[in-house]
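Note: hydrogens, waters and symmetry copies are ignored here, and every other heavy atom, side chains too, is used.
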Amino acid sequence: AHEQVQKTKNKRSLERFLAADQAYVLTTLHDIERRLRAVGQNPAQLLKEAYRRAERATDFVKLARARDQIGFATLLASECGLSAAQTDKITKDSSGFALAICLKSLALPLHIANEAFLLINPALGQDINQFFMLDWFYAQISPMGAKHLVDQWQTKEPQKKADLHVGIHQGRSRGEASQTQQVVSATRRKSRIRKRLTSTAR
């Protein structure tokens, strides 16, 4: 009898806890929805977009782990608004900088970008120094700055070696894009110095 009473008490305590937890979650969601509507944003649309981005990230991971360079380049072209020829060159470029900028423009997490660097381009996957350079580079650039550069590539194909030194036009992301290009330049200088030191040491 005592055990039954104790079980009943525990059950009621759990129910009260779950009810309080549910009330907190609902209140929090209601507050978030209220604030979003106050700034003119549709919560349902934001959730839909967040779900779509999660699906897209999963697709990139699957293609990278399957080492499907063609499929990866096709998805990249669709998401970045670039041609298939452009993304084919970008995924095959040995420097990896253009690929990093495309992935950052989609705001993909660093661990997904790293999988792409390692698995999609065999040359990058075998160059550990360049891989760590890209890992550092990816953390320095902003999604907005990267997107600004990718938007320019939609009308102007990246030049040989995925040349990233393109003119910056007026726009709200101009400062971030300029900062991104500065990071690119600094990274390229580091890469050239590293190669010269490696060559001298041989």
Under the rule for side-chain contact (heavy atoms from CB on, under 4.5 Å), what residues qualify as partners of Ala107, not counting sequence neighbours?
Arg53, Pro143
Under 3.5 Å, which donor-acceptor pairs do the side chains of residues 75-82 form with other protein atoms, sequence neighbours left out?
unit_1, atom_1, unit_2, atom_2, d
Glu79, OE1, Arg56, NH1, 3.2

So [Y] and [X], do their side chains get closer than 4.5 Å, heavy atoms only?
X      : Y      : result
Leu134 : Phe97  : yes
Asp135 : Asn114 : yes
Ile141 : Ile101 : yes

Please determine which of Val150, Leu108, Leu149 meets the side chain to side chain contact (heavy atoms under 4.5 Å, CB included) test together with Cys102.
Val150
Sequence neighbours excluded, every pair satisfying salt bridge (charged side-chain N to carboxylate O under 4.0 Å, His left out) that has a member inside residues 136-145:
none
Only pairs under 3.5 Å count here: list side-chain donor-acceptor contacts from residues 64-74, not counting sequence neighbours, and write none if there are none.
unit_1, atom_1, unit_2, atom_2, d
Arg65, NE, Glu115, OE1, 2.8
Arg65, NE, Glu115, OE2, 3.4
Arg65, NH2, Glu115, OE2, 2.9
Asp68, OD1, Ile70, N, 3.4
Asp68, OD1, Gly71, N, 2.8
Gln69, NE2, Asp88, OD1, 3.3
Gln69, NE2, Thr91, OG1, 2.5
Thr74, OG1, Ile70, O, 2.8

Closest approach of Gly96 and Phe117, non-hydrogen atoms and distance?
O-CE2, 4.4 Å
Residues two or more places apart in sequence or in another chain: which of them pass side-chain hydrogen bond (donor to acceptor under 3.5 Å, both in side chains) with Asp59?
none
Just how far is it from atom OH of Tyr138 to atom CG of Leu99, taken to the nearest 0.5 Å?
9.0 Å
d(Ser94 OG, Gln126 CD) to nearest 0.5 Å is 12.0 Å
Show every side chain to side chain donor-acceptor pair (under 3.5 Å) that has at least one partner inside residues 103-113, sequence neighbours left out.
none
Cationic N near anionic O, under 4.0 Å, Lys147 to Asp151
yes
